[in-house]
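Read the structure below first, then the notes.
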Amino acid sequence: MEAMASAPAEVPSYFVCPISLQLMRDPVTLPTGISYDRAAIARWLAVPARRTCPVTRQPLEPGLELTPNHTLRRLIHSWAVSVPPGSVMDEEVAALRPVPRDEIASILSDAAAAQVGALRKLRELAVECEESRSVLESQDGVFDVLSRVVTCASACSTSREEAVGVLASLRISEQELVGVVARHGNLAESLTAVLRSSNLQSRAQAVQLVRTLVDAAAPAWVIGLDAEFLAEVVHVVRDRISTRATKASLHALAALCPYGRSRVKIVGAGAVPALVELLLDEPERRVCELALTVLDRLCTCAEGRAELVAHAAGVAVVGKKVLRVSDAASERAVRVLLSVARHAATPAVLQEMAQCGVVGKLCLALRSEQCGVKTKEKAHEVLKLHSRVWRPSPCLSPNFLALYPS
């Protein structure tokens with residue numbers, strides 16, 4: 001029996017990273033369908049000359065998002081549990097095995113004292129092992145313990161950042177989130193400091209947590225967020241930390257926009273130029289849709305429209321997204337253009353819309369099968385509003401003029 005217990009365990013080939021040739025701890029999948037360990041493929045892609053899939057050699061788009069392979073991760077963890085203790089593979093799979101509940105409770109106790117090592121260990125457990133994360137989430141008061149570290153004035157910045165990383169990795173119920181916000185009044189202020197960190201990973205984790213909080217918090221808390229906090233969320237969009245962080249910040253801004261005071265603060269924080277610059281960089285489909293969603297909501301206020309038309313590429317880049325990205329993107333872009341046409345249509349703006357091809361795009365949208373009924377109705381309204389200016393314009397080609405609504 002002892003010989004059987006110490007027999008070597010053979011690692012299934014599909015659990016091995018093609019780059020490191022080691023057991024994957026955090027498998028992610030590229031658009032090519034090949035899975036790699038996150039750390040290994042991140043190092044590969046960090047070299048500018050390596051914008052290809054290591055296995056297929058297919059080119060990869062800049063700024064692509066690594067998709068977590070949760071199914072493969074669960075299979076690896078299930079296999080790791082089956083490896084007999086004492087085997088030659090035991091050391092390699094030890095980190096993938098669930099940590100006992102009493103050990104997690106002990107680490108959490110140390111983390112409550114803002115010990116960096118304990119907080120870092122909790123973050124690693126939450127990220128690397130689903131079973132350990134579930135045990136951690138079930139610990140009494142875990143979310144308050146971590147929130148106290150985040151908001152503790154005497155805790156060092158590294159401790160606060162690690163605590164934010166743990167919270168961002170956990171699945172927190174809406175009820176628990178509401179309670180955390182209510183019990184820790186300076187949470188937003190503390191998150192502002194983490195969002196300003198020079199550590200890009202900490203900023204990305206902080207904005208993930210912000211997105212979760214904004215979706216669950218009471219309107220009074222959201223409306224009370226100060227301009228400094230909102231500016232840091234906008235800066236995540238501006239700085240392009242990662243695709244995931246950009247999406248999280250856009251989701252958060254979209255959730256904040258329905259409140260008038262927040263909308264004006266977000267515009268004041270420079271959101272409109274940041275969104276225009278993001279759209280100019282031709283982001284992936286979902287990022288583009290989210291950016292246009294936020295821009296649409298910001299343009300419901302005069303300050304947002306003024307910022308858009310003041311940007312040299314603002315109106316043009318919005319018009320460019322019509323019929324170019326997706327049905328959803330086209331609808332949101334046309335909504336933005338309708339806001340401009342209704343409330344910010346100076347002679348200079350109308351001339352710009354004709355010169356940069358926006359009017360032509362709207363004409364095409366009327367006949368395109370790619371646009372839904374609502375999008376066509378809004379495009380029709382924009383064109384009818386200013387037909388006296390645009391119909392005789394020399395910028396409108398005969399082909400577009402033939403499509404212009406009568």
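Worth knowing before you read on, the calculation uses all heavy atoms, side chains too, and leaves out hydrogens, waters and symmetry mates.
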Between the side chains of Arg171 and Ser134, does any donor sit under 3.5 Å from an acceptor? yes
Side chains of Gln58 and Thr52: any donor to acceptor distance under 3.5 Å? no
Heavy-atom side-chain proximity of Val359 to Tyr404 below 4.5 angstrom: yes
Crowded around Arg50 CZ? As in, over 12 foreign heavy atoms under 6.0 Å? yes
Do you know the tightest heavy-atom contact between Gln205 and Ala168? O-CB, 3.4 Å
Any side-chain to backbone donor/acceptor pair from Thr151 onto Ser147? Under 3.5 Å, distance only. yes
Between Lys321 and Glu331, is the salt bridge (Lys or Arg N to Asp or Glu O under 4.0 Å) condition met? List the steps. CA-CA 10 Å; Lys321 301 305 175 185; Glu331 180 182 1; over 6 Å; no
More than 12 heavy atoms from other groups under 6.0 Å of CZ on Arg133: yes
Would Arg263 and Glu303 count as a salt bridge (Lys or Arg N to Asp or Glu O under 4.0 Å) here? Give the steps. CA-CA 9 Å; Arg263 197 158 52 232; Glu303 293 84 352; over 6 Å; no
Side chains of Ser197 and Glu161: is there a donor and an acceptor less than 3.5 Å apart? yes
Decide yes or no for Arg101 and Ser138: does some side-chain heavy atom of the first lie under 4.5 Å from some side-chain heavy atom of the second? yes
Quick one: does Asp144's side chain get under 4.5 Å of His184's, heavy atoms only? yes
Using side-chain heavy atoms (C-beta onward) and a distance below 4.5 Å, is Leu279 in contact with Leu295? yes
State, to 0.1 Å, how close Ser387 and Pro392 come at their nearest heavy-atom pair, and which atoms those are. O-CD, 3.8 Å
Using a 3.5 Å distance criterion without hydrogens, assess whether the side chain of Lys361 forms a donor-acceptor pair with backbone atoms of Lys320. yes
Test item: side-chain donor near acceptor, Thr293 and Arg332, under 3.5 Å: yes
Leu275 side, atom CG; Leu250 side, atom CG - distance, nearest 0.5 Å: 6.5 Å
How far does CZ of Phe15 sit from CG of Leu72, to the nearest 0.5 angstrom? 6.5 Å
Checking salt bridge (Lys or Arg N to Asp or Glu O under 4.0 Å) for the pair Arg285/Glu289: CA distance, chi angles, key distance, verdict? CA-CA 6 Å; Arg285 178 186 61 80; Glu289 291 171 351; 3.0 Å; yes
Please determine, by modelled atom types, if His251 and Asp215 share a side-chain donor-acceptor pair under 3.5 angstrom. no
Between Ser35 and Asn69, does any side-chain donor sit less than 3.5 Å from a side-chain acceptor? yes
Mind checking whether Glu131 and Val135 have side chains closer than 4.5 Å, heavy atoms only? no
What verdict does the side chain to side chain contact (heavy atoms under 4.5 Å, CB included) test give for Trp221 and Val178, after you've listed the backbone C-alpha separation in whole Å, the side-chain angles of each residue and the deciding distance to 0.1 Å? CA-CA 10 Å; Trp221 186 81; Val178 171; over 6 Å; no
Is there a side-chain contact between Glu232 and Val207 in this structure, where contact means two heavy atoms from C-beta onward sitting under 4.5 Å apart? no
Heavy-atom closest pair (Ala111 atom, Leu122 atom, distance to 0.1 Å) is CB-CD1, 3.6 Å
Test side chain to side chain contact (heavy atoms under 4.5 Å, CB included) applied to Val116 and Cys156, step by step: CA-CA 9 Å; Val116 173; Cys156 69; 4.0 Å; yes
Validation row: Leu366, Leu383 side chains within 4.5 angstrom (heavy atoms): yes
Side-chain donor/acceptor of Arg240 to backbone N/O of Thr246, under 3.5 Å: no
Please name the residue in the list Lys374, Lys376, Arg342 that meets the salt bridge (Lys or Arg N to Asp or Glu O under 4.0 Å) test with Glu381. Arg342
Would you name the heavy atoms of Val322 and Ala365 that are closest together and state the gap between them? CG1-CB, 4.3 Å
Looking at CD of Gln355 and CG of Leu396, how far apart are the two atoms once the value is rounded to the nearest 0.5 Å? 12.5 Å
For a quick test of reading the model, state the closest non-hydrogen atom pair linking Ala204 to Ile241 and the distance between them. CB-CG2, 4.2 Å
Side-chain donor or acceptor of Asn199 paired with backbone N/O of Gln201 under 3.5 Å: yes
Give me the atom names and distance for the closest heavy-atom approach of Leu167 to Ile172. O-CD1, 3.8 Å
Nearest-0.5 Å distance that lies between atom NZ in Lys121 and atom CD1 in Ile104: 9.5 Å
Give a yes or no answer on whether the side chain of Thr375 reaches the backbone of Cys371 with a donor-acceptor pair at less than 3.5 Å. no
Within the distance-only criterion (no hydrogens, no angle test), does the side chain of His311 pair as donor or acceptor with the backbone N or O of Ala313 below 3.5 angstrom? yes
Can you check whether Pro27's main-chain N or O pairs, donor with acceptor, with Asp37's side chain at less than 3.5 Å? no
Between Asp226 and Lys265, does any side-chain N to carboxylate O distance fall below 4.0 Å? no
Does Lys378 reach the side chain of Leu337, with side-chain heavy atoms less than 4.5 Å apart? no
Please report the interatomic distance SG(Cys301) to NE2(His343), rounded to the nearest 0.5 Å. 11.0 Å
Apply side chain to side chain contact (heavy atoms under 4.5 Å, CB included) to the pair Cys257 and Leu298, showing each step before the final yes or no. CA-CA 7 Å; Cys257 282; Leu298 293 179; 3.6 Å; yes
Within the distance-only criterion (no hydrogens, no angle test), does the side chain of Arg123 pair as donor or acceptor with the backbone N or O of Val166 below 3.5 angstrom? no
Would Lys247 and Leu290 count as a side chain to side chain contact (heavy atoms under 4.5 Å, CB included) here? Give the steps. CA-CA 7 Å; Lys247 287 181 179 178; Leu290 286 169; 4.2 Å; yes
Could you tell me whether a side-chain N or O of Arg305 sits under 3.5 Å from a main-chain N or O of Ala344, the two making a donor and an acceptor? no
So does Arg244 have more than 12 non-hydrogen atoms from other groups sitting under 6.0 Å from CZ? no
Indicate yes or no for a side-chain donor-acceptor contact from Trp390 to the backbone of Leu350 under 3.5 Å, with no hydrogens or angles considered. yes
If I take atom SG from residue Cys53 and atom CG from residue Leu30, how far apart are they, to the nearest 0.5 angstrom? 5.0 Å
